[in-house]
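What follows is one structure encoded as structure tokens, with my remarks underneath.
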Amino acid sequence: MSTIHPHITDVLSRTFRVPVAEILPESTMDSLDMDSLAAAEFAVVLRETTGVELDTGTLTRGTTLAELTAHLHAAAGAAR
């Protein structure tokens with residue numbers, strides 16, 4: 001998970017004003033009150049900052065941050 005989870009935490013807290021205490025590996029988009037528009041914007045920010053394209057099935061209301069982190073980590077490793 002290296003630097004990916006801290007990056008996700010930074011984006012959520014700075015861009016979407018999610019309290020850091022709520023940003024846990026088991027947190028879902030739904031539990032963080034990220035509606036579909038916010039989740040789409042989050043996907044764009046992650047693509048711009050990590051270079052990983054997220055498809056619509058990857059980032060859903062039920063996706064946990066641990067699942068998202070694992071996906072980004074695997075995709076980043078595959079791109080090398």
Side-chain angles (χ1 to χ4, degrees):
M1 288 194 195
S2 63
T3 61
I4 294 173
H5 186 74
H7 177 68
I8 289 171
T9 299
D10 185 57
V11 170
L12 286 170
S13 65
R14 289 178 187 240
T15 305
F16 297 96
R17 305 284 188 232
V18 175
V20 173
E22 294 178 19
I23 304 171
L24 305 170
E26 63 273 10
S27 298
T28 63
M29 297 295 101
D30 193 39
S31 71
L32 297 174
D33 293 325
M34 299 280 285
D35 62 18
S36 58
L37 182 59
E41 185 179 348
F42 184 41
V44 169
V45 172
L46 289 175
R47 184 189 71 226
E48 290 173 349
T49 58
T50 67
V52 175
E53 184 76 37
L54 297 172
D55 60 40
T56 55
T58 302
L59 192 57
T60 66
R61 293 186 62 79
T63 302
T64 66
L65 295 183
E67 292 168 334
L68 177 60
T69 299
H71 176 80
L72 291 171
H73 184 68
R80 290 181 186 174

| said: Strictly distance-based, threshold 3.5 Å: is any side-chain N or O of Thr63 a donor or acceptor partner for the main-chain N or O of Thr60? | reply: yes
What closest approach, in Å, do [X] and [Y] show between heavy atoms, and which atom pair accounts for it?
X     : Y     : answer
Ala75 : Val52 : CB-CG1, 3.5 Å
Ser27 : Glu22 : OG-O, 2.7 Å
Ser13 : Val20 : CB-CG2, 3.8 Å

| ILVMFWY cluster, Val45 and Leu72 together (side-chain gap under 4.5 Å) | yes
| Under 4.5 Å between side-chain heavy atoms, hopping through other hydrophobics if needed: is there a path connecting Leu12 to Leu24? | no
| task | Kindly compute the distance separating CD1 (Ile23) from OG1 (Thr9), expressed to the nearest 0.5 Å. | result | 5.0 Å
| Which distance, rounded to the nearest 0.5 Å, do you find between the CG of Leu32 and the OG1 of Thr28? | 6.5 Å
| For Phe42, the option from Ile8, Leu54, Thr15 that meets side chain to side chain contact (heavy atoms under 4.5 Å, CB included) | Ile8
| With respect to His71, which candidate in Leu46, Thr58, Ile4 satisfies the side chain to side chain contact (heavy atoms under 4.5 Å, CB included) definition? | Thr58
| said: Between Asp35 and Arg61, is there a side-chain heavy-atom distance shorter than 4.5 Å? | reply: yes
| message | Within the structure provided, determine whether Asp33 and Val18 are in side-chain contact (heavy-atom separation under 4.5 Å). | response | no
| task | Compute whether any side-chain donor of one residue and acceptor of the other, for His7 and Thr50, lie under 3.5 angstrom apart. | result | no
